[in-house]
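As a basis for the values below, the full set of heavy atoms in this structure was taken, side chains included, without hydrogen atoms, waters or symmetry mates.
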Amino acid sequence: MINEKNFQFLLEAISTDIIGWLIRDKGLSINEAVSAWYNSETFGKVSEPATGMYIESPAYNYEFLKRELLTGRFHT
């Protein structure tokens, strides 16, 4: 199991990239991008250590978020 400090570091790194991509790709404001990410089911899954999604690349997790934003729900 990963320690909390390392987990938080990885989660923040993923979040930084994904928020930036939402701004770039979707034309969202920073507030909209932050809200979209932190209120998503995808973020919920990434923030749950048991899923293991925190060790995947930001790009991998962004693909889940893009599908969620298109369909309105998280898809595995």
K.L.:
Using the test side chain to side chain contact (heavy atoms under 4.5 Å, CB included), find all partners of Ala59 that sit at least two apart in sequence or belong to another chain.
P.N.:
Trp21, Ser57
K.L.:
What residues, two or more places apart in sequence or in another chain, satisfy salt bridge (Lys or Arg N to Asp or Glu O under 4.0 Å) together with Glu41?
P.N.:
none
K.L.:
List the atom of Trp37, the atom of Ile14, and the distance in Å for their closest heavy-atom pair.
P.N.:
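Closest approach of Trp37 to Ile14, heavy atoms only: CZ2-CG2, 4.2 Å.
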K.L.:
List in chain and number order the residues that pass side chain to side chain contact (heavy atoms under 4.5 Å, CB included) with Glu4, two or more places apart in sequence or in another chain; answer none if no residue qualifies.
P.N.:
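With sequence neighbours excluded, Glu4 shows a side chain to side chain contact (heavy atoms under 4.5 Å, CB included) to Phe7, Gln8, given in chain and number order.
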K.L.:
Using every non-hydrogen atom in the two residues, find where Ala33 and Leu22 come nearest and quote the distance to one decimal.
P.N.:
O-CD1, 3.6 Å
K.L.:
Has the side chain of Thr51 got a donor or acceptor atom that lies under 3.5 Å from a matching backbone atom of Val46?
P.N.:
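Not confirmed, Thr51 side chain does not pair with Val46 backbone.
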K.L.:
Quick check on Phe9: does its CZ atom have over 12 non-hydrogen neighbours (other residues, nucleotides or ligands) under 6.0 Å away?
P.N.:
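It does not: Phe9 CZ has 12 such atoms or fewer within range.
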K.L.:
So, for Asp17 and Pro58, which heavy atoms are closest and what is the spacing to 0.1 Å?
P.N.:
OD2-CG, 3.2 Å
K.L.:
Do other residues, nucleotides or ligands put more than 12 heavy atoms under 6.0 Å from Leu69 CG?
P.N.:
yes
K.L.:
Could you measure the distance from the CD1 atom of Ile19 to the OH atom of Tyr62? Nearest 0.5 Å is fine.
P.N.:
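It is 11.5 Å, given to the nearest 0.5 Å.
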K.L.:
Does any pair with a residue in residues 59-76 pass salt bridge (Lys or Arg N to Asp or Glu O under 4.0 Å), and if so which ones, sequence neighbours excluded?
P.N.:
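Non-adjacent pairs meeting salt bridge (Lys or Arg N to Asp or Glu O under 4.0 Å): Glu63-Lys66.
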K.L.:
For Ser47, which residues count as a side chain to side chain contact (heavy atoms under 4.5 Å, CB included) partner, sequence neighbours excluded?
P.N.:
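Testing Ser47 for side chain to side chain contact (heavy atoms under 4.5 Å, CB included), a comparison that skips the adjacent residues, returns Leu11, Phe43.
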K.L.:
According to ring pair (Phe, Tyr, Trp, His ring centres under 6.0 Å), who are the partners of Tyr60, at least two apart in sequence or on a separate chain?
P.N.:
Phe64
K.L.:
Looking at every non-hydrogen atom in both residues, tell me the closest pair between Ile23 and Ser29 and how far apart they are.
P.N.:
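The answer is CG1-O, 4.1 Å.
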K.L.:
Check whether Asn6 reaches the backbone of Ile2 with its side chain - one donor and one acceptor, N or O, closer than 3.5 Å.
P.N.:
no
K.L.:
Using the side-chain hydrogen bond (donor to acceptor under 3.5 Å, both in side chains) rule, take Tyr54 and Asn61 through it: C-alpha gap first, then chi angles, then the decisive distance, then the call.
P.N.:
CA-CA 8 Å; Tyr54 69 93; Asn61 286 301; over 6 Å; no
